[in-house]
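Values reported hereafter were calculated over all heavy atoms of this structure, with side chains retained and with hydrogens, waters and symmetry mates removed. Order of listing sets the numbers, starting from 1, for every ligand and every atom in it.
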Amino acid sequence: MFDLKGKVALVTGGNGGIGLGMARGLAKAGASIFVAARNEEKSAAAVQDLQSLGAEAFAVQVDVSDEKSVGEMVTTIVRQCSSIDILINNAGMNIRKQPQDLPLAQWRQIMDTNLTSAFLCARDVYPHMKRSGSGKIINIGSMLSIFGVSHLPAYGSSKGGLVQLTKSLAVAWAMDNIQVNAVLPGWIDTDLTRTANEKDPTLYERILGRTPAGRWGSIDDLAGVAVFLACRASDFITGTTVVVDGGYSALC
Ligand code: NDP
């Protein structure tokens, strides 16, 4: 039920952080992985990491905020493997600014990278999943899909939007046997949060004190949920969100 042998997975932003954690889970379950990101050096290292787990792994360069680049990525993968069975829309970024200080260009950059990218990747992968008769799409939201933070207005909007996109795609493609779900990670130790910790020296302890599990998450904490939402065990689960946060969002 949890076996992914013979499946092809595309993980955007799979060259580090949460994307790599999820890719490792899929790799250990037997899937072939395409790591899709901009930085070729980081992607090559991630591919080696995944190959060391015994998986077939490849890098494909993409800017997920660019429609043409996404189209070319999907064509490249399908030419090589003929199908894409699992799509993880994980690539993302943030810019920390109060709403009154956020230029439109940066708002658009965040929305394009975090939200429009997921729509583009899903739209372009859809015909291939439909043709093969099944598919799994996993969108990576955030605690900011639920909560508001004053200095992350565009990030929060993009992550809230991802939950609604998840529901729309799930409803649209349920009859095609394509399940679409979202994962909302809590505070995970990655490059993204390392930068946040550098900018706000009190952040680390504040999160620790507010997380019932008493620790920050590691990228390995995301491996299991990726496998579950990518395998047959979740075939009747669609349009929902799974929170992976050590209890952060359950605490009042
Ligand atoms: P990282 O900064 O480690 O990873 C971000 C990834 O996205 C990188 O692999 C980067 O690769 C890729 N990426 C960014 N922009 C683009 C682009 N335009 N085109 C292609 N790839 C791109 O951060 P995390 O692992 O922490 O974040 C991964 C996801 O998880 C994000 O969506 C983030 O919002 C979300 N998240 C993270 C949390 C955390 O606590 N860490 C909590 C909740 C959600 P490259 O630079 O090579 O393009």
Side-chain angles (χ1 to χ4, degrees), residues 10-24 33-47 49-50 59-74 87-96 106 108-118 120-121 138-147 149 152 154-163 165-166 182-198 200 203-204 206-208 210-211 215-223 225-226 241-246 248-249:
L10 162 58
V11 184
T12 70
N15 64 4
I18 287 174
L20 182 58
M22 291 187 135
R24 282 184 188 153
I33 316 287
F34 282 84
V35 164
R38 294 164 304 178
N39 184 322
E40 285 182 302
E41 213 174 300
K42 257 178 82 182
S43 294
V47 163
D49 179 309
L50 296 168
V60 51
Q61 204 179 16
V62 69
D63 177 352
V64 292
S65 66
D66 181 81
E67 183 177 20
K68 185 160 168 277
S69 182
V70 168
E72 286 167 359
M73 166 187 71
V74 170
L87 165 65
I88 303 191
N89 284 313
N90 162 79
M93 53 140 344
N94 69 23
I95 295 174
R96 298 159 66 85
Q106 289 187 343
R108 287 195 170 131
Q109 185 189 359
I110 295 165
M111 296 303 272
D112 287 352
T113 305
N114 296 1
L115 177 58
T116 309
S117 62
L120 291 174
C121 291
I138 304 168
N139 295 323
I140 308 306
S142 157
M143 286 298 97
L144 294 200
S145 302
I146 309 170
F147 300 113
V149 170
L152 292 169
Y155 184 81
S157 301
S158 70
K159 294 299 186 178
L162 272 172
V163 171
L165 177 67
T166 298
V183 171
L184 312 188
W187 292 85
I188 314 295
D189 183 20
T190 68
D191 287 350
L192 195 78
T193 47
R194 251 165 255 146
T195 312
N197 277 317
E198 279 160 22
D200 178 356
L203 180 68
Y204 186 85
R206 275 193 285 120
I207 297 304
L208 208 58
R210 200 210 175 283
T211 304
R215 66 175 176 88
W216 278 60
S218 79
I219 61 170
D220 296 333
D221 287 315
L222 278 303
V225 73
T241 57
V242 181
V243 175
V244 182
D245 69 349
Y248 183 93
S249 60

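- Compare L192, I110, T195 by their heavy atoms: the one nearest to atom 1 (P) of ligand 1 is in L192.
- Residue contact annotation: G217 has no non-hydrogen atom under 4.0 Å from ligand 1.
- Heavy-atom separations between T12 and ligand 1 are all 4.0 Å or longer.
- The closest protein non-hydrogen atom to atom 19 (N) of ligand 1 is V64 N, 3.0 Å.
- For ligand 1, the atoms closer than 4.0 angstrom to any heavy atom of Y155 are 33 (C), 34 (O), 35 (C), 36 (N), 44 (C).
- Residue contact annotation: S43 has no non-hydrogen atom under 4.0 Å from ligand 1.
- Distances from atom 32 (O) of ligand 1 to the heavy atoms of V35, I140, N90 show the closest one on N90.
- If you run side-chain contact (heavy atoms from CB on, under 4.5 Å) between M22 and each of I219, D220, V183, only V183 comes through.
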Test side chain to side chain contact (heavy atoms under 4.5 Å, CB included) on L152 and K159 and set out the steps.
-> CA-CA 10 Å; L152 292 169; K159 294 299 186 178; over 6 Å; no

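- Closest protein heavy atom to atom 48 (O) of ligand 1: R38 NE, 2.7 Å.
- Below 4.0 Å from some heavy atom of T193 lie the following atoms of ligand 1, by number and element: 39 (C), 40 (O), 41 (N).
- Near V62, meaning under 4.0 Å from any of its heavy atoms, are these atoms of ligand 1: 19 (N), 20 (C).
- Annotation: atom 11 (O) of ligand 1 to nearest protein heavy atom, N15 OD1, 3.4 Å.
- Scanning the protein heavy atoms around atom 40 (O) of ligand 1, the nearest turns out to be I188 N, 2.8 Å.
- Ligand 1 has no atom lying under 4.0 Å from any heavy atom of M143.
- Among all non-hydrogen protein atoms, the one lying nearest atom 6 (C) of ligand 1 is G13 CA, 3.8 Å.
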When you look at I207 and Y248, which way does the side chain to side chain contact (heavy atoms under 4.5 Å, CB included) test go after all the steps?
-> CA-CA 9 Å; I207 297 304; Y248 183 93; 4.1 Å; yes

Verdict with supporting geometry, M143 and S249, side chain to side chain contact (heavy atoms under 4.5 Å, CB included) = CA-CA 7 Å; M143 286 298 97; S249 60; 3.9 Å; yes

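- Those atoms of ligand 1 that come under 4.0 Å of a heavy atom in W187, given as number and element, are 40 (O).
- In this pair, Y204 and W216 present their aromatic rings parallel. The plane angle is below 30°, not in the 30 to 60° band.
- The pair K68-E72 counts as a salt bridge, with a side-chain nitrogen and a carboxylate oxygen less than 4.0 angstrom apart.
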Test V244 against I188 for side chain to side chain contact (heavy atoms under 4.5 Å, CB included), laying out the working first.
-> CA-CA 10 Å; V244 182; I188 314 295; 5.6 Å; no

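- Between T166 and T241 the shortest side-chain heavy-atom distance does not fall below 4.5 Å.
- Ligand-side atoms of ligand 1 in range of G141: 43 (C), 44 (C), range being under 4.0 angstrom from any heavy atom.
- Atom numbering of ligand 1 starts at 1 in the shown order; those under 4.0 Å from a heavy atom of T113 are 15 (N), 18 (N).
- Atom 13 (N) of ligand 1 has its nearest heavy-atom neighbour, among S69, G17, S65, A91, in A91.
- In the vicinity of D63, heavy-atom distances shorter than 4.0 Å reach the ligand 1 atoms 17 (C), 18 (N), 19 (N).
- Not a single heavy atom of N114 sits less than 4.0 Å from an atom of ligand 1.
- The closest protein non-hydrogen atom to atom 25 (O) of ligand 1 is I18 N, 2.8 Å.
- Under the 4.0 angstrom criterion for non-hydrogen atoms, W216 is not in contact with ligand 1.
- For ligand 1, the polar-atom distance check finds an N/O of T190 within less than 3.5 Å of one of the ligand's N/O atoms.
- When each of D221, D245, D189 is tested with R215 by the rule salt bridge (charged side-chain N to carboxylate O under 4.0 Å, His left out), just one qualifies, namely D221.
- Neither the backbone nor the side chain of M93 has any atom closer than 4.0 Å to an atom of ligand 1 (non-hydrogen atoms only).
- Panel note: side chain N15, backbone K42; no donor-acceptor pair is recorded below 3.5 Å.
- Nearest protein heavy-atom contact of atom 42 (C) of ligand 1 is G186 O, 3.0 Å.
- In this structure, atom 4 (O) of ligand 1 has its sub-4.0 angstrom surroundings free of protein heavy atoms.
- With C121 as the partner, the side-chain contact (heavy atoms from CB on, under 4.5 Å) test is satisfied by one option alone out of L87, V74, V62, L10: L87.
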